[in-house]
Amino acid sequence: MAKSRYTISMDYTRAVEQAERLEKLAGSLSAVANDSMNSCFSQIRSAWKGNSSNAYIQKGQKVQTDILKLSKNLRSAANTIRTVAKNTRDMELRALEIAQSRTYK
């Protein structure tokens with residue numbers, strides 16, 4: 001059975017909402033990686049001196065880089081969801097128009 005315009009619209013809206021949720025999560029991860037972790041590194045540098053401190057900060061910076069990569073990947077996934085949702089909506093609406101315009105003899 002063919003989808004109605006309403007169903008097509010609701011499917012598209014849900015997909016875009018999911019993309020927005022991913023985008024928001026990506027923003028939160030970036031904030032943690034940039035703000036919270038940099039603040040933590042500064043506190044460690046001022047309170048802890050020596051080779052162990054540097055090694056600990058380097059490991060923390062690797063984690064920070066991984067978090068930023070994850071954030072970037074989430075943003076990319078959100079953009080892909082939006083693109084696929086738009087293309088799917090457009091094609092489904094076109095298919096609906098074709099089906100509605102057909103006349104059978």
Side-chain angles (χ1 to χ4, degrees):
M1 186 167 134
K3 290 184 176 182
S4 68
R5 284 188 190 280
Y6 176 77
T7 303
I8 293 167
S9 176
M10 291 305 296
D11 288 348
Y12 174 76
T13 300
R14 276 192 293 272
V16 169
E17 287 171 354
Q18 290 296 320
E20 289 170 2
R21 287 174 59 190
L22 284 177
E23 193 81 39
K24 185 177 178 180
L25 180 57
S28 296
L29 284 173
S30 288
V32 166
N34 289 320
D35 301 334
S36 299
M37 291 186 80
N38 284 335
S39 173
C40 182
F41 296 151
S42 293
Q43 290 175 3
I44 290 170
R45 281 187 192 96
S46 66
W48 186 12
K49 306 293 182 202
N51 291 338
S52 297
S53 165
N54 293 335
Y56 188 81
I57 289 172
Q58 285 178 347
K59 288 183 180 188
Q61 288 170 333
K62 172 146 179 22
V63 171
Q64 182 182 38
T65 300
D66 291 345
I67 292 171
L68 290 171
K69 283 180 188 175
L70 176 60
S71 174
K72 182 180 175 184
N73 289 341
L74 287 174
R75 282 193 174 94
S76 177
N79 287 333
T80 300
I81 289 170
R82 285 187 195 98
T83 300
V84 170
K86 181 189 178 308
N87 291 343
T88 301
R89 179 197 60 188
D90 293 348
M91 291 299 115
E92 287 179 338
L93 287 173
R94 181 68 183 128
L96 183 62
E97 288 172 12
I98 290 169
Q100 289 174 342
S101 68
R102 283 193 178 159
T103 56
Y104 297 96
K105 296 180 182 184

* To do: Could you list the residues that satisfy side chain to side chain donor-acceptor pair (under 3.5 Å) with Arg75, not counting sequence neighbours?
  => Glu23, Ser30, Ser71
Shared hydrophobic cluster, [X] / [Y] (ILVMFWY, side-chain heavy atoms < 4.5 Å):
X     : Y     : answer
Ile44 : Val63 : yes
Ile57 : Leu68 : no
Tyr12 : Leu93 : no
Met37 : Leu25 : yes
Trp48 : Phe41 : yes

Enter the distance from [X]:[atom1] to [Y]:[atom2] here, rounded to the nearest 0.5 Å.
X     : Y     : atom1 : atom2 : answer
Leu22 : Asn73 : CG    : CG    : 11.5 Å
Gln61 : Asn54 : CD    : CG    : 9.5 Å
Arg89 : Asn87 : CZ    : CG    : 9.5 Å

* Test Gln64 against Asn38 for side chain to side chain contact (heavy atoms under 4.5 Å, CB included), laying out the working first. => CA-CA 9 Å; Gln64 182 182 38; Asn38 284 335; 3.0 Å; yes
* To do: Using a cut-off of 6.0 Å, state whether more than 12 heavy atoms not belonging to Asn51 lie near its atom CG.
  => no
* Evaluate side chain to side chain contact (heavy atoms under 4.5 Å, CB included) for Asp11 paired with Thr7, printing each intermediate quantity in order. => CA-CA 6 Å; Asp11 288 348; Thr7 303; 4.0 Å; yes
* **Check: Arg5 main-chain N/O paired with Ser9 side-chain donor or acceptor under 3.5 Å** => no
* How about Asn79 and Arg82: do any of their side-chain heavy atoms sit closer than 4.5 Å? -> yes
* NZ/NE/NH1/NH2 to OD/OE distance under 4.0 Å, Lys86 and Asp90 ->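 Salt bridge flag = yes for Asp90 with Lys86.
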* Asked: Is the closest basic N to carboxylate O distance between Arg94 and Glu97 below 4.0 Å?
  -> yes
* Structure fact -> Taking every heavy atom of Ala19 against every heavy atom of Ile81, the minimum-distance pair comes out as CB-CG2, 4.0 Å
* Structure fact -> Heavy atoms of Leu96 and Ser4 approach each other most closely as CD2-C, 4.3 Å
* Does anything in residues 32-54 pair up under salt bridge (Lys or Arg N to Asp or Glu O under 4.0 Å), and if so which pairs, sequence neighbours excluded? ->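 Not a single pair qualifies under salt bridge (Lys or Arg N to Asp or Glu O under 4.0 Å).
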